[in-house]
Amino acid sequence: MGIFSLFGKKGGRKEDHSTEKSSARKTRSKSANTVITGFQDSEIFTNSIIAQRHIARATERKIDAIEFEMSRDIVKTRPPAVSKLDIPKAVGKLSENSRYDIGETTQPFGVRPSAVEFQTTLPMTMPTDYLLGHHSEMSGAAVSYSESVPVLEEAAILFASGQNDVAEQMLSAAVHHQNLSSATEIGWQMLFDLYRITNNQHKFESLSLDYANKFETSPPLWPENNAFGNTDTLSEENSVTPSIMFPAKLDSGIVKVLEKMQQTSAKSQSLRLDFSRIKEVDPIGCGLLLRSLKNLKKTGHDLMLISAQDLAEKIRSILQVGRRDETEAPWLLLLEILQLLHFERAFEEASMDYCITFEVSPPSFEAPKMNVTSSFPEIQAPVEEEFADRFMMPASIEGRVEPLIKQISNKAEHLNPLVLDCSKLERVEFSASAELLNGLAPIAAKRGMSIEFRDVNYLVMMLFNAMGLKNIASITLRKH
């Protein structure tokens, strides 16, 4: 019995020991599972952070690459002027780069802003008797050319978009090397207008010789008092503060604007930066503008900021506290603008949001050392009317068109037909022409109302044709 009891105890110990081992194995198994799960969660978190860093670095590299291209373009030597013998080569290169074949309409230039979407034609809202000419007292030679000529329309759009050099090359190639048929005279006059507006008397006189040889008649004369110049460079050359106008989208497309700003800043210690047209922003554009503003601060340039507060609100609309985007550039640009505007309280609030989002110490407010002023967009002042029977249009139509439309609407209440005198009008910006169309269409739709654009230059006339304004108003060309 003692032996059996001894064996029994031994067996009992074994059973207890096996039970202990089983429970220990379960405990270790649970512990192991916990460690593995925690490791997996940690690995996912780490991977997400690494992915965010990769995206941020990629965005920064893209901004660096764009800036490098900008600096490389600026130091390039200016290309030689295109002579008549080089025009065919220039046209070939233009066709290759722009994917536009002159004489064909297979693929237009990519200059039309994507933000402006509208139909190029509208239903005829004019009274039948007006369309038949009963209200018209204009001579046939003064009436606008109504046929669609894609090459000339594209050149007018390029000019309206600020691409004067490309528009000049297109028009020069068209009049010298293409058969424009009945629109030949229009093409020549458009090129003459372009040289007048850009104040290029040398090319104007050279073109006059070609015109006289081709048509065997007297060419247009250079105006003795050419008071107007290039609307893009007028403010830079003749005003105290050169002006830089930013486009509707603050993205990688602002490279050309920033290059112009850099070149202008080398000649002038003060700059006027107009952000009133900006409607959309993206991180790349924010990064490019941020670096340019920092450079201007380092060089101590005096700045006048137009609609900077509106730009700050647009930047704020794409940000979210706690959400880390691909780059910090929009946040940093927002803080930079608030500093330039001396908005210390708004800066502190934005810096705290930035601190929470990126888990960094909030930057401190530093008032700019250079002179910085700000203002809202300049609302176009009422144009002085020289005659009671017409409305005088301004020299340039760009940016906000609403004030101008309101003035025209007020005039339309007391004047029919509504005559819009364009004798001083030299340029209409492309996007502004769309807004002008939308604003005048309801006026033209009123019963018995008729609208006439009078003394329009050839470039603006062809732009109006392309945009569909010829469908709601008659257009009379300017006599030179």
Side-chain angles (χ1 to χ4, degrees), residues 81-84 86-87 90-91 94 102 139-147 149-234 393 395-397 421-430 433 453-466 475-480:
V82 180
S83 65
K84 294 177 185 177
D86 295 332
I87 286 177
V91 174
L94 178 64
I102 294 179
S139 64
V143 179
S144 165
Y145 185 82
S146 59
E147 293 182 18
V149 184
V151 174
L152 300 185
E153 290 181 353
E154 197 67 42
I157 292 172
L158 286 167
F159 175 76
S161 303
Q163 301 189 43
N164 297 349
D165 293 339
V166 184
E168 177 192 346
Q169 291 182 28
M170 273 193 85
L171 288 172
S172 181
V175 299
H176 287 100
H177 302 285
Q178 291 191 54
N179 180 14
L180 298 176
S181 188
S182 59
T184 301
E185 178 70 18
I186 301 296
W188 283 86
Q189 294 296 341
M190 287 175 68
L191 192 53
F192 277 123
D193 274 343
L194 189 146
Y195 289 146
R196 286 192 190 95
I197 296 170
T198 56
N199 204 23
N200 195 330
Q201 186 174 359
H202 176 73
K203 288 188 176 181
F204 182 94
E205 292 175 350
S206 177
L207 185 66
S208 297
L209 295 176
D210 295 340
Y211 181 90
N213 290 332
K214 181 178 179 64
F215 297 100
E216 298 181 354
T217 185
S218 300
L221 298 177
W222 179 261
E224 293 182 2
N225 298 319
N226 191 23
F228 51 84
N230 186 350
T231 54
D232 285 343
T233 59
L234 184 62
M393 299 290 276
S396 177
I397 300 177
D421 192 324
C422 301
S423 56
K424 297 180 180 180
L425 178 63
E426 300 304 332
R427 184 195 295 264
V428 180
E429 186 189 42
F430 179 60
S433 65
F453 288 100
R454 183 174 295 178
D455 293 334
V456 183
N457 72 36
Y458 286 79
L459 285 164
V460 173
M461 178 273 293
M462 194 55 72
L463 173 68
F464 283 178
N465 283 357
I475 303 174
T476 310
L477 285 168
R478 182 184 303 174
K479 296 179 181 179
H480 296 300

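This one's a predicted model, so the numbers in the text were calculated from it and none came from an experiment.
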When every non-hydrogen atom of Pro220 is compared with those of Ser208, the smallest separation belongs to O-OG, 3.8 Å
Honestly, is Arg196 close enough over Phe204, meaning NZ or CZ under 6.0 Å from the six-membered ring centre and within 45° of the axis?
-> no
CG of Leu463 to CE of Met190: how many Å apart, nearest 0.5 Å?
-> 9.0 Å
Between Met461 and Ile186, is a side chain to side chain contact (heavy atoms under 4.5 Å, CB included) present by the stated rule, with each step listed?
-> CA-CA 10 Å; Met461 178 273 293; Ile186 301 296; 4.0 Å; yes
Looking only at heavy atoms, what is the nearest atom pair of Cys422 and Met393, with distance?
-> SG-CG, 3.9 Å
With Thr184 via side-chain contact (heavy atoms from CB on, under 4.5 Å) - residues at least two apart | Leu180, Trp188, Lys214, Phe215
Can you find a pair of side-chain heavy atoms, one from Leu171 and one from Leu459, that are under 4.5 Å apart?
-> yes
May I have the step-by-step check of side chain to side chain contact (heavy atoms under 4.5 Å, CB included) for Val460 and Ile197, ending in yes or no?
-> CA-CA 12 Å; Val460 173; Ile197 296 170; over 6 Å; no
Please say which of His202, Gln201, Lys203 ends up in a side chain to side chain donor-acceptor pair (under 3.5 Å) with Glu205.
-> Gln201
Roughly how far, to the nearest 0.5 Å, is the CD atom of Gln189 from the CG atom of Leu477?
-> 9.0 Å
Should Leu152 and Tyr458 be marked as a side chain to side chain contact (heavy atoms under 4.5 Å, CB included) after you check the CA-CA gap, both sets of side-chain angles, and the distance that decides it?
-> CA-CA 10 Å; Leu152 300 185; Tyr458 286 79; over 6 Å; no
Pick one: which of Ile475, Leu425, Thr476 meets side-chain contact (heavy atoms from CB on, under 4.5 Å) with Val456?
-> Ile475
Could you tell me which non-hydrogen atom of Gly187 sits nearest to which non-hydrogen atom of Val175, and how far apart they are?
-> C-CG1, 3.5 Å
Criterion side chain to side chain contact (heavy atoms under 4.5 Å, CB included) on Tyr211 and Thr217, from CA distance to verdict = CA-CA 8 Å; Tyr211 181 90; Thr217 185; 3.8 Å; yes
Verify, without hydrogens or angle tests, whether Asn457 (side chain) and Glu426 (backbone) share a donor-acceptor contact under 3.5 angstrom.
-> yes
Donor-acceptor pair, side chain of Ser161 and main chain of Ile157, under 3.5 angstrom = yes
Grab the two heavy atoms, one from Met170 and one from Glu154, that are nearest each other, plus how far apart they are.
-> CE-CB, 4.0 Å
Heavy-atom side-chain proximity of Arg427 to Asn164 below 4.5 angstrom = yes
So, His176 side chain and Ser172 main chain: donor-acceptor pair closer than 3.5 Å or not?
-> yes
